[in-house]
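Structure first, then comments.
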Amino acid sequence: MKIENNILLFKLIRRTIIFLGLLVFTQMLIFLMGNYQGFLDRNQNMILSLSCFCSLALSFFCLLAVILTAVIFFKQRKKTIFIQTFIYALIMILASGISFFTRTVSYLSYGMELSQ
């Protein structure tokens with residue numbers, strides 16, 4: 001029996017990561033569609049702020065998942081758990097990059113508004 005399926009915390013973290021990942025993907029898709037649809041600047045900045053918050057939350061939960069799977073890996077020494085740890089770390093790096101991108105775009109857009 002797998003230990004990671006018995007831990008309630010692991011199930012909650014995994015489901016939260018899936019939810020936040022889909023939410024960030026949807027928000028970035030709305031942001032890209034808004035660029036072509038002509039959304040107002042305030043709406044675009046709100047989408048960027050929400051996307052930044054969600055990607056930071058995703059990074060935090062991925063960090064928790066990496067720590068939890070690393071502990072499980074050291075107890076069980078199974079290759080599948082190491083692969084899960086690697087996937088969570090990759091998602092965490094991607095979410096951090098999205099957060100950095102959204103903050104950079106938001107900062108640049110506010111700078112352009114102030115100069116006009």
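The figures that follow rest on heavy atoms only: side chains count, while hydrogens, waters and symmetry mates do not.
Rounding to the nearest 0.5 Å gives a distance of 8.0 Å between OG of Ser51 and CG of Leu23. In this structure, the separation between CG on Leu22 and CD1 on Ile17 is 12.0 Å, given to the nearest 0.5 Å. We find the CE-CD1 distance between Met28 and Ile98 to be 6.0 Å, quoted to the nearest 0.5 Å. In this structure, CD1 in Ile87 is found 11.0 Å from SG in Cys62, a value given to the nearest 0.5 Å. With rounding to the nearest 0.5 angstrom, the CG atom of Leu9 is 7.5 Å from the CG atom of Leu64.
Between Thr16 and Leu12, the shortest heavy-atom distance links the atoms OG1-O, 2.7 Å. Residue Leu58 comes nearest to Ala95 through the heavy atom pair CD2-CB, 3.7 Å, listed as atom of the first residue, atom of the second, then distance. In this structure, Arg103 and Ser49 approach most closely via the heavy-atom pair NH2-OG, 3.4 Å. Val66 and Ala89 make their closest contact through CG2-N, 3.6 Å (heavy atoms, listed as atom of the first residue, atom of the second, distance). In plain terms, the two heavy atoms of Leu48 and Ser106 that are nearest each other are CD1-N, 3.9 Å.
Linking ILVMFWY side-chain heavy atoms closer than 4.5 Å, directly or via other members, places Met92 and Phe101 in two distinct hydrophobic clusters. If you chain together hydrophobic residues whose side chains sit under 4.5 Å apart, Leu63 and Phe73 never meet in one group. Residues Phe60 and Leu20 share a single hydrophobic cluster, defined by chaining ILVMFWY side chains whose heavy atoms lie under 4.5 Å apart. Cluster membership for Ile83 and Ile72, using ILVMFWY side-chain heavy atoms within less than 4.5 angstrom, is shared.
For the pair Gln44 and Ile47, the minimum side-chain heavy-atom distance is below 4.5 Å. In this structure the side chain of Thr102 never reaches within 4.5 angstrom of the side chain of Phe31, judged on heavy atoms. Side chains of Arg15 and Phe19 form no contact here, defined as non-hydrogen atoms less than 4.5 Å apart.
Applying side-chain hydrogen bond (donor to acceptor under 3.5 Å, both in side chains) to Ser109 and the options Asp41, Thr104, Asn45 leaves one that passes, Asn45. Here the rule is side-chain contact (heavy atoms from CB on, under 4.5 Å) with Tyr88, and of Ile13, Ile93, Leu68, Thr69 only Thr69 fits it.
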